Amino acid sequence: MKSFLEWESALHRKVEEVNERLYSIIRSTEPDLDRMSRYTIEAGGKRFRPLLTILAYQSSTDESYEKILDLAAGYELIHTASLIHDDIIDDSSMRRGRETLNYKDGIDNAIVVGDYLFAKAYELGSRYGPKVSKIMADASSRLAEGQILEAMNLKNLNITEETYYKIIEDKTAHFFEACALGATVAAGAEEDTVESLSRFAFNLGMAFQVTDDILDITGDDKYTGKPTFVDIKHDALTLPIIYALKNSREDDRTTILNMLNNKEEIDKKRLKEIFLRSGSIDYSFSVAKKFIESAMGYLKNAKKSPDIDLLMELALIVIERIEIFE
Ligand code: GRG
């Protein structure tokens, strides 16, 4: 199986073109805003959402993908802006392998850069007409809803798996769905193509967030670009944590609770062992796999094409990144 980097290298040219659009749209005559915006784009990231947008478009039309680059870049800008705001909320100092903007240029400036990128994103989305603009705006509203629902459940030791799923639907899966939905609507695709690619993307997003939450425990910051145990540090009770709190032996549960209450005492090595012992990583991995199976099921009847193959490979890569980093 390919690694994400190998998979992405086949799409290297497209990533470059998305980056060109990003650099061009964020340009500002205000030099400091220009510099700070460039800093966030230069930090990179996987460009997962624009690639999903491009592949969904190419799977549903014979038109050149160049026509969808602005929308692809727009989704990446919303995603990047939400990460800037998320890093402010979490007081994070590292993202995408470099210092966060809130640490480098201060919280006040980071808020404004995030707002600026949102504004630029909606300008890009508006180039595709009201229907696509609405899809983009609705996905952003959902992001905010997911973020607030998560915030309201911080430290909530009684949080259910259902609430966790609702949070990740809103903050990740619907955004992935919007990438495919916007692309297929812009392509003028048939209703069943719109539906199957959108359902694929939604389930891919669910699996992506579950694996992201696993990597918060088992990941290696050399690959993820961010430290581990950020969720525990910020009291976000993700699926592996919910499961471990319910299923760990008593002394391990006490250790997790102590670490949740006593941030400075986080012993990462020990905590990782406890999570592995509780079965929470295996359990969360099995949940992610189910979402991937559902995602792939939606493409089963799609017309065979290299783009559908790439989407199928992407689905497998999402869960395999766990094994790579474990
Ligand atoms: C949109 C109006 C509006 C508000 C934003 C702060 C906020 C409200 C939302 C943040 C939601 C959030 C942090 C979602 C996380 C999603 C996620 C899985 C991020 C990591 O994505 P990757 O791994 O990151 O694709 P890279 O760096 O590779 O792009």
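Numbering of ligands and ligand atoms starts at 1, following listing order. This is a predicted model, so every value here is computed, not measured.
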Student: So if I count the atoms of ligand 1 from 1 in the order they appear, which ones are less than 4.0 Å from some heavy atom of D86?
Tutor: 6 (C), 13 (C)
Student: Donor-acceptor pair, distance only, cut-off 3.5 Å: does the side chain of H174 make one with the backbone of F202?
Tutor: no
Student: Just let me know how H79 lines up against ligand 1, side chain, backbone, both or neither, with a heavy-atom cut-off below 4.0 Å.
Tutor: side chain
Student: Step by step, work out the side chain to side chain contact (heavy atoms under 4.5 Å, CB included) result for V210 and I319.
Tutor: CA-CA 9 Å; V210 173; I319 41 173; over 6 Å; no
Student: With a 4.0 Å cut-off, would you call E273 and K269 a salt bridge?
Tutor: yes
Student: Looking at I26, L83, L22, which hits side-chain contact (heavy atoms from CB on, under 4.5 Å) with L117?
Tutor: I26
Student: When you compare ligand 1 with S140, is there at least one nitrogen or oxygen pair between them that comes in under 3.5 angstrom?
Tutor: no
Student: Any idea which of A81, S82, G97, G114 brings a heavy atom closest to atom 6 (C) of ligand 1?
Tutor: S82
Student: Can you tell me if F208 has a non-hydrogen atom under 4.0 Å from ligand 1?
Tutor: yes
Student: Identify, for atom 10 (C) of ligand 1, the protein heavy atom at the shortest distance, and state residue, atom and that distance.
Tutor: Q147 OE1, 3.3 Å
Student: Does I68 belong to the same Ile/Leu/Val/Met/Phe/Trp/Tyr cluster as V15, with side-chain heavy atoms less than 4.5 Å apart forming each link?
Tutor: no
Student: Under 4.0 Å from a heavy atom of L143: which atoms of ligand 1 are those, numbered in the order shown and with their elements?
Tutor: 1 (C), 11 (C)
Student: Between Y165 and F291, what is the ring plane arrangement, given parallel below 30°, perpendicular above 60°, and tilted in between?
Tutor: perpendicular
Student: Check the angle between the aromatic planes of H85 and F118 and answer parallel, tilted or perpendicular using the 30° and 60° thresholds.
Tutor: perpendicular
Student: With a cut-off of 4.0 Å, which atoms of ligand 1 are near a heavy atom of T172?
Tutor: 16 (C)
Student: Can you list the ligand 1 atoms lying under 4.0 Å from a non-hydrogen atom of F118?
Tutor: 1 (C), 3 (C)
Student: Judged on heavy-atom distance to atom 21 (O) of ligand 1, which of R49, Q209, R47, K46 sits nearest?
Tutor: R49
Student: Nearest protein heavy atom to atom 27 (O) of ligand 1, by residue and atom, and its distance?
Tutor: R96 NE, 2.7 Å
Student: Determine whether a donor-acceptor pair (N or O, by modelled atom type, separation under 3.5 Å) exists between the side chain of T184 and the backbone of L181.
Tutor: yes
